[in-house]
Amino acid sequence: MMHLITWLTGNSYHPAGWRHELAWERTAMRLDVLIEVAKIAEQAKLDALFVADGNGVRNMDKVGLFEANTPSARPTVHDPVTLMSAISQHTKHIGLVGTASTTYESPWVVARRFASLDHLSNGRASWNVVTGSNPGDSENFGLERHPDRNERYARAEEFVSACKALWDSWDEDAFVERKDTGQFLDATKVRTADFNGRYLSVKGPLNVARCPQGRPVLFHAGQSEGGRRLAARHADCIFEAAASVDAAREFYADLKSRRAELGGNPDHLRVIVSVAVYIGRTEHEAESLYSELNSLISPDIGADFLAKAVSEDLTGYPIDGAMPDLSASVVGGNSIRGQLDSIAKAENLTIRQMYQRVVPTMGNTALIGTAARIADVMEEWYTTGACDGFVLGASINPFTLKLIRDELVPELQRRGLFRTEYKGTTLRDNLGLPPVENSFDPAAFPPLPARGASGNPQM
Ligand SMILES: Cc1cc2nc3c(=O)[nH]c(=O)nc-3n(C[C@H](O)[C@H](O)[C@H](O)COP(=O)(O)O)c2cc1C
């Protein structure tokens, strides 16, 4: 079965979507709006909701763009795990995927937060592992610079390994809670993580019992060599930004073969491609909405948006002149920059033509049309080795999300491509992933001091 996810945000995916009359009137920090998004997505039987995140407010250097609130500027958003904890109490089946950065957080805190969410949601928690694509975030953490990509991924590798060791620190049945004997937990069923790396060390154990899924489902969103390596080793799912079906097939084949080379099962690594959805009840409605939304983006904002997407200052370049060469590497995200550089060169595009392409897709692929037409494309991608599923960007919220529920999902169900009911109880089950084995081996772990030998109990 195909896997479907959508973004847990009141914002619309198109940068000007929030201005459209079919969008919510006000969304900033509104829990009622976010609960509504979650409910629509769960009625559609989607696998999961996704909360993207960063560690700072972006785009303040481009005031027009900042004031226009493009989705990636994130000027006012809830902390993902706090938000997902609230949403978990208003939903029953849908998974909850949230971002946390390995560059600016600590493994003990991240492992604890997501394990806790997994308990609160009865096995629906997932962590989207990112290394951070916004260089300015470093200034919120007292660091002089955003570490370069190699360093970020070396730390990320240690970070995820440390979290895995922490999640394995308790055996499933450690908390016996025996009123008759006074034994709350079985001390033979805990171990410390004792992780010592070059960047991080953490002793453990975690102060959260082993979680319902064994450990939260791990997503990763990197696309570079380092990102692919990390995903192949550790991830259950990888998010992908693909500008074409051919690019998606290349990425898919690469990730699956990397997993196989490491001795893993390629079917246990899901590739989820991000798309922008411009659905209408008729072709005419879809095309009109698409043009209307694009007309709400002024050339200034379009050019600034493009400048951010490719991490290049485009000030002074004529809007109808050629795109500058983007082959030099930058500290932030290079993947979209590289992709767009190739497209601009291959098609000889101007800055205006480039932003007109990038704004509606956010560097991904746009699916425009009726449910049947969009389902045709999704079916082709899914059945020809381009992806295992999609993260659907609703161009106008809630209008698009409701049409996804009422038209697109039923169309995919008719084709036998998508579930009609949730079958599993956890996100891992619904994604068709195998249970996680605990690496806990009591025999390999030195026993705790004998009872009564450790002096007074600590408070
Ligand atoms: C669907 C999707 C979701 C993403 N979500 C986030 C996010 O929440 N936070 C973040 O910092 N980066 C996010 N990214 C960006 C990636 O983490 C990464 O920086 C980017 O794909 C470039 O890859 P690289 O870091 O390996 O160069 C996302 C990317 C994709 C495709």
Side-chain angles (χ1 to χ4, degrees), residues 3-9 11 13 48-58 71-74 77-81 83-84 96-105 110 126-138 140-141 146-157 159-160 218-232 234-235 237-243 247-248 251-252 254-255 258 270-277 308-311 329-341 361-365 387-394:
H3 298 288
L4 298 178
I5 295 175
T6 196
W7 307 71
L8 177 55
T9 172
N11 245 322
Y13 192 76
L49 295 156
F50 170 46
V51 189
D53 198 37
N55 295 96
V57 171
R58 302 184 185 191
S72 59
R74 303 198 185 98
V77 285
H78 290 285
D79 162 72
V81 178
L83 171 62
M84 294 189 296
L96 302 161
V97 185
T99 295
S101 154
T102 55
T103 303
Y104 296 113
E105 306 226 31
V110 168
S126 171
W127 168 29
N128 176 37
V129 179
V130 302
T131 69
S133 45
N134 181 32
D137 291 357
S138 58
N140 290 335
F141 295 84
H146 189 54
D148 69 29
R149 184 188 281 108
N150 288 341
E151 198 180 332
R152 293 203 307 271
Y153 275 111
R155 185 182 151 97
E157 169 66 41
F159 198 114
V160 177
L218 292 181
F219 272 72
H220 175 54
Q223 316 285 290
S224 60
E225 173 58 30
R228 292 179 191 211
R229 243 187 285 135
L230 185 79
H234 290 291
C237 304
I238 181 161
F239 280 133
E240 187 200 350
F251 187 86
Y252 187 87
D254 181 54
L255 263 292
R258 283 172 192 254
R270 303 261 177 259
V271 178
I272 308 292
V273 75
S274 176
V275 288
V277 178
K308 286 287 170 186
V310 298
S311 309
S329 185
V330 293
V331 174
N334 278 295
S335 308
I336 290 186
R337 178 180 163 95
Q339 265 181 31
L340 297 180
D341 189 39
T361 63
M362 306 276 287
N364 304 298
T365 294
C387 67
D388 297 307
F390 299 86
V391 52
L392 305 167

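Whatever order the structure lists ligands and atoms in, that order sets their numbers, starting from 1. All residue numbers in this chain count up from 1 along the given sequence.
With sequence neighbours left out, Phe159 forms a ring-ring contact (aromatic ring centres under 6.0 Å, His included) with Trp127. Applying the side chain to side chain donor-acceptor pair (under 3.5 Å) criterion to Arg258, with sequence neighbours excluded, gives Glu225, Asp254.
In this structure, Arg58 and Ser133 have side chains that are in contact, with non-hydrogen atoms separated by less than 4.5 Å. Between Phe239 and Ile5 there is a side-chain heavy-atom pair separated by less than 4.5 Å. Taking the side chain as every heavy atom from C-beta outward, Phe219 and Thr99 never approach each other to under 4.5 Å.
Geometrically, ligand 1 and Arg149 share a nitrogen or oxygen pair separated by less than 3.5 Å. Checked by distance only, ligand 1 and Glu240 stay at 3.5 Å or farther apart across all their nitrogen or oxygen atoms. Close N/O approach between Ala221 and ligand 1 is found [any backbone or side-chain N/O within under 3.5 Å]. Where the criterion is an N or O separation shorter than 3.5 Å, residue side chain and backbone included, Arg74 fails it with respect to ligand 1. Polar contact check, Thr99 against ligand 1: a nitrogen or oxygen pair lies under 3.5 Å apart.
The heavy atom nearest to atom 26 (O) of ligand 1, out of those in Pro80, Gly226, Ser224, is found in Ser224. Relative to atom 9 (N) of ligand 1, the option among Val130, Val51, Asp53 with the closest non-hydrogen atom is Asp53.
The ligand atoms of ligand 1 that sit less than 4.0 angstrom from a heavy atom of Ala241 are 31 (C). Applying the 4.0 Å criterion to heavy atoms of Ala52 picks out, from ligand 1, the atoms 8 (O). Residue Asn128 has at least one heavy-atom neighbour below 4.0 Å for each of these atoms of ligand 1: 5 (N), 8 (O). Close approach of ligand 1 to Tyr153 is summarised as follows: ligand atoms under 4.0 Å from at least one heavy atom of the residue are 24 (P), 25 (O), 26 (O).
Partner of Tyr13 under the side chain to side chain contact (heavy atoms under 4.5 Å, CB included) criterion, out of Asn364, Val391, Val275: Asn364 alone.
Summarising the geometry of Gly222 relative to Ile238, their closest heavy-atom pair is O-CD1, 3.4 Å, with the distance given to 0.1 Å.
One distance of note links NE2 of His146 with CG of Asp137; it measures 6.5 Å at 0.5 Å rounding.
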